[in-house]
Peer 1: 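Before I ask anything, here is the structure I am working with.
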Amino acid sequence: MRYWLMKSEPAEVSIDDLAARPGQTVPWFGVRNYQARNFMRDAMRVGDLAFFYHSGCAEPGIAGICQVCSTPYPDATQFDPASPYFDAKSSPANPRWLLVDVRLIEKTPYVSLRRLRGASELANMPLLARANRLSITPVSAAEWQFITGTLMA
DNA sequence: GCCAACGTTGGC
DNA sequence: GCCAACGTTGGC
């Protein structure tokens with residue numbers, strides 16, 4: 001089992017939005033970066049756990065824990081001309097963008113980016129690397145345990 | 001709203 | 001295949 005961190009802008013899908021959805025599940029739509037896509041397509045497995053991270057907001061940070069609950073499948077928004085995520089170069093026969101569904105496990109005590117940066121145990125997290133822009137990043141078991149066991153305690 | 005970093009595009 | 005231009009991300 002692997003651990004991940006997945007960024008979402010709360011103005012688009014917040015932890016509370018996820019909690020309010022049918023089955024508390026959401027397709028992780030809108031990823032348009034190949035590295036992040038490849039994590040979903042190639043590395044994620046049903047049952048993997050992920051931090052649900054709020055980005056692009058006043059206080060960025062981890063807002064909850066979710067779980068991968070589907071195998072990869074095409075992101076429907078890439079085929080919708082009305083969607084901001086529309087991709088004219090993709091086609092249903094040869095979809096470019098795949099996603100997985102995630103289900104809420106729990107809303108956690110909020111762990112701000114500032115606190116994450118302050119923990120030397122987390123110095124190697126890709127999230128904290130300078131100018132990191134990747135919306136899905138791996139989390140090590142040690143980092144996961146430190147965040148859930150210490151920062152969320 | 002600024003700006004640094006970085007991925008993508010497209011001309012050559 | 002190089003690389004400049006451009007667009008986007010995301011913290012501040």
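In what follows, chains are A, B, ... by sequence order, proteins preceding strands, each numbered from 1.
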Peer 1: Provide, to the nearest angstrom, the distance between the CD atom belonging to A:Glu12 and the P atom belonging to C:dT8.
Peer 2: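 A:Glu12 atom CD is separated from C:dT8 atom P by 14 Å.
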Peer 1: Could you tell me whether the side chain of A:Asp101 reaches within less than 4.5 Å of the side chain of A:Tyr73, counting heavy atoms only?
Peer 2: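 Yes, close enough: below the 4.5 Å cut-off.
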Peer 1: For A:His54 and C:dT9, give me the distance from atom NE2 to atom C1', rounded to whole Å.
Peer 2: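 It works out to 17 Å between those atoms.
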Peer 1: Treating A:Ser8 as the side-chain partner and A:Val13 as the backbone partner, does any N or O pair qualify as donor plus acceptor under 3.5 Å?
Peer 2: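 Present.
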Peer 1: Tell me whether the side-chain N or O atoms of A:Arg32 pair up with the base of C:dT8 as donor and acceptor below 3.5 Å, since no angle test is needed here.
Peer 2: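 No such pair is found, so the answer is no.
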Peer 1: With a 4.0 Å cutoff (strictly under), does any side-chain N or O of A:Lys7 reach OP1 or OP2 of C:dG11?
Peer 2: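 No, because none of the side-chain N or O atoms of A:Lys7 sits under 4.0 Å from OP1 or OP2 of C:dG11.
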Peer 1: Select one nucleotide: of B:dT8, B:dG10, C:dC12, the one nearest the side-chain heavy atoms of A:Tyr34.
Peer 2: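 My answer, after comparing the listed nucleotides, is B:dT8.
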Peer 1: When the distance from CD1 of A:Ile136 to P of C:dT9 is rounded to whole Å, what number comes out?
Peer 2: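 For the pair A:Ile136 CD1 and C:dT9 P, the rounded distance is 14 Å.
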Peer 1: Considering only NZ, NE, NH1 and NH2 on the basic side and carboxylate oxygens on the acidic side, decide whether A:Lys107 and A:Asp16 come within less than 4.0 Å.
Peer 2: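 Yes, charged N to carboxylate O under 4.0 Å.
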Peer 1: Expressed as a whole number of angstroms, how long is the span from A:Asn33:CG to B:dT9:P?
Peer 2: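 In whole Å, B:dT9 P and A:Asn33 CG are 11 Å from each other.
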Peer 1: Tell me whether the OP1 or OP2 atom of C:dG11 has a side-chain N or O from A:Tyr53 closer than 4.0 Å.
Peer 2: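 A:Tyr53 to C:dG11 OP1/OP2: side-chain N or O found under 4.0 Å.
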Peer 1: What nucleotide among B:dA5, B:dG10, C:dG11 has an atom nearest to a side-chain atom of A:Ala131?
Peer 2: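 Nearest to the side chain of A:Ala131 among the choices is B:dA5.
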Peer 1: How close or far is atom P of C:dG10 from atom CG of A:Leu5, stated in whole angstroms?
Peer 2: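 Whole-Å distance recorded here is 11 Å.
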Peer 1: Would you mind reading off the distance between A:Gln35 atom CD and C:dT9 atom P, rounded to a whole angstrom?
Peer 2: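 My rounded result for the distance is 15 Å.
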Peer 1: With the side chain counted from C-beta on, respond yes when A:Phe52 and A:Lys7 share a heavy-atom pair under 4.5 Å apart, and no when they do not.
Peer 2: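 Not touching, per the 4.5 Å side-chain cut-off.
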Peer 1: Side chains of A:Arg32 and A:Thr77: donor-acceptor distance under 3.5 Å anywhere?
Peer 2: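 Yes, side-chain donor-acceptor contact under 3.5 Å.
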Peer 1: Could you tell me the separation between the CG atom of A:Asn132 and the C1' atom of C:dG10, rounded to a whole number of Å?
Peer 2: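 Interatomic distance, CG of A:Asn132 to C1' of C:dG10: 9 Å.
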Peer 1: Once you round it to whole Å, what is the distance between P of C:dG10 and CD of A:Glu59?
Peer 2: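 My rounded result for the distance is 17 Å.
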Peer 1: Compare the minimum distances between each of B:dG7, C:dC12, B:dT9 and the side chain of A:Leu113, then state the nucleotide with the smallest one.
Peer 2: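 Given the options B:dG7, C:dC12, B:dT9, the side chain of A:Leu113 is closest to C:dC12.
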Peer 1: Can you tell which of B:dG7, B:dT9, C:dC12 lies closest to the side chain of A:Arg133?
Peer 2: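 Between B:dG7, B:dT9, C:dC12, the one nearest the side chain of A:Arg133 would be B:dG7.
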